[in-house]
Amino acid sequence: MRVILLGPPGAGKGTQAAWIRDRFSIPQLSTGDMLRAAVANGTEVGRQAKAIMEAGKLVSDDVINAIVAERIDQPDCAGGFILDGFPRTTDQAEALDRMLAERDLRIDAVIEFQVDQAALVERISGRYACANCGAGYHDTFKKPKVPGVCDVCGSTEFVRRKDDNAETVAARLEAYDAQTAPLLPYYRQRGNLHTVDGMAPIGEVTAAIAAVLEPLATETASGPAGGSAEKAGSSGAGNA
Ligand code: ADP
Ligand code: ADP
Ligand code: ZN
């Protein structure tokens, strides 16, 4: 299963990618996470990307395309992957098409998250993550079950992104409208664009995505017969 998650910053892509990853056992390829790791590690890419990310602008297509091309050749991507935050420009979408064609692969679904602008700002301002395992949380919409303790790994350390502030958010939303939104007609034309209501509670968005992906998984299943039917019962949208 190969899936693209398309939507503005704060739309819920990372949140839903975690569910898709666990459900279908495929890695989440977040170009934002990869760039943040590069910045933290002080690599050449990180040095180039840091200021651009802090300004809420897009890192150059060449850099991003190279990162993704290398990543999808890793062994853990053999059974599929989730693209979260890539492609973000027409150039990146075309580069992805070439990468896939060279490898004789195709995208099974592009999922578009529709969310109101005002909600995006609220979501981004309240976003934080576990410093240890990366699990995502929100001050209002997704609190850990035990306050101050990560649901997934039990860590008590959390981090907020430097670019999740009001000024940078405005630039990021502008970049989305100008450079990424044109990808919607690009994929709609190919007939594999599925739109979900990203304003719904987290569990409902998960259910809508499950309704798109579960039938595709049975079609392309390579696992044991009945595997997806068996798991369908536990795909319930839990954590709204
Ligand atoms: P993206 O990856 O698209 O930038 P995230 O998945 O990080 O977005 O979500 C942004 C913030 O909004 C996070 O704090 C997350 O917990 C919260 N969030 C995600 N989906 C929803 C939703 N459907 N309703 C309310 N809050 C949500
Ligand atoms: P969000 O989903 O909240 O916008 P990301 O974590 O996807 O955040 O991206 C954070 C920043 O990393 C972006 O603002 C941009 O500077 C850079 N970035 C991530 N993915 C890409 C990409 N595909 N092309 C260009 N820049 C990117
Ligand atoms: Zn954790």
Side-chain angles (χ1 to χ4, degrees), residues 4-19 28-39 45-46 48-68 82-89 91-93 95-96 111-116 119-144 149-164 168-169 171-176 179-180 183 196-209 237 239-240:
I4 296 176
L5 304 185
L6 205 55
K13 302 182 297 296
T15 301
Q16 300 301 332
W19 179 84
Q28 167 193 5
L29 311 189
S30 159
T31 42
D33 285 347
M34 294 177 205
L35 290 169
R36 280 185 288 279
V39 171
V45 165
Q48 286 179 34
K50 189 169 187 282
I52 300 172
M53 293 171 76
E54 282 170 11
K57 302 213 168 101
L58 294 185
V59 174
S60 86
D61 292 325
D62 288 348
V63 166
I64 296 286
N65 293 340
I67 292 177
V68 174
I82 307 155
L83 293 174
D84 166 10
F86 176 91
R88 246 172 160 102
T89 64
D91 181 278
Q92 291 178 18
L96 175 64
I111 298 181
E112 177 204 1
F113 291 66
Q114 270 184 355
V115 180
D116 299 348
L120 295 174
V121 177
E122 195 183 5
R123 285 188 188 179
I124 292 172
S125 333
R127 164 160 69 186
Y128 62 99
C130 172
N132 178 51
C133 75
Y137 295 97
H138 191 278
D139 291 327
T140 310
F141 306 126
K142 192 173 191 279
K143 301 178 184 174
V149 181
C150 175
D151 293 348
V152 179
C153 76
S155 166
T156 53
E157 304 242 353
F158 296 88
V159 285
R160 286 181 195 260
R161 279 168 49 179
K162 204 170 176 183
D163 61 341
D164 279 351
T168 310
V169 167
R172 285 157 62 198
L173 293 174
E174 261 172 49
Y176 179 82
Q179 291 169 274
T180 310
L183 297 185
V196 298
D197 174 14
M199 293 299 289
I202 293 173
E204 285 178 30
V205 179
T206 304
I209 292 173
N239 47 6

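All values below come from the heavy atoms of this structure, side chains included, with hydrogens, waters and symmetry mates left out. Counting starts at 1 for both ligands and their atoms, in listed order.
Within the 4.0 Å heavy-atom shell around ligand 2 one finds Arg127. Ligand 1 has at least one atom lying under 4.0 Å from a heavy atom of Gly198. Contact analysis leaves Met34 out of contact with ligand 2, as no non-hydrogen atom separation drops below 4.0 angstrom.
Here is the list of ligand 2 atoms found below 4.0 Å of a heavy atom in Gly32: 5 (P), 6 (O), 9 (O), 19 (C), 20 (N). Under a 4.0 Å criterion applied to the non-hydrogen atoms of Pro201, ligand 1 contributes the atoms 23 (N).
For the pair Ala200 and ligand 1, the shortest N or O to N or O distance falls below 3.5 Å. Looking at ligand 2, you'll find an N or O of Thr31 within less than 3.5 Å of one of its N or O atoms. Residue-to-ligand polar distances place Ala11 within reach of ligand 1: an N/O pair is separated by less than 3.5 Å. For ligand 1, one of its N or O atoms has an N or O atom of Gly14 under 3.5 Å away. Checked by distance only, ligand 2 and Gly85 come closer than 3.5 Å through their nitrogen or oxygen atoms.
Ranking the protein heavy atoms by distance from atom 16 (O) of ligand 2 puts Lys57 O, 2.5 Å first. Regarding atom 24 (N) of ligand 2, its nearest protein heavy-atom neighbour is Gln92 NE2, 2.9 Å. Given atom 26 (N) of ligand 2, the protein heavy atom at minimum distance is Val59 N, 3.1 Å. The nearest heavy-atom contact from the protein to atom 11 (C) of ligand 1 is Arg123 O, 3.6 Å. Regarding atom 3 (O) of ligand 2, its nearest protein heavy-atom neighbour is Arg172 NH2, 2.7 Å. At the top of the distance list for atom 18 (N) of ligand 2, counting protein heavy atoms only, stands Leu35 CD1, 3.4 Å.
Without hydrogens or angle criteria, Lys162 side chain to Glu54 main chain gives no donor-acceptor distance under 3.5 Å. With hydrogens and angles ignored, the 3.5 Å screen pairs a side-chain donor or acceptor of Arg123 with a backbone N or O of Ala11.
Put simply, OG1 on Thr15 and CG on Asp84 are 9.0 Å apart, with the number rounded to the nearest 0.5 Å. With values rounded to the nearest 0.5 angstrom, Gln48 atom CD is found 13.0 Å from Met53 atom CE.
Within the protein, the number of N/O/S atoms found under 2.8 Å from the Zn ion (ligand 3) is 4.
Only side-chain heavy atoms of Arg161 come within less than 4.0 Å of ligand 2; its backbone N, CA, C and O stay farther off.
Using a 4.5 Å cut-off on side-chain heavy atoms (C-beta onward), Asp61 and Arg88 make no contact.
Scanning Met53, Lys13, Arg88 for the heavy atom closest to atom 9 (O) of ligand 2 points to Arg88.
A salt bridge is defined here as a Lys NZ or Arg NE, NH1 or NH2 lying under 4.0 Å from an Asp or Glu carboxylate O, and Arg172 with Asp164 meets this definition.
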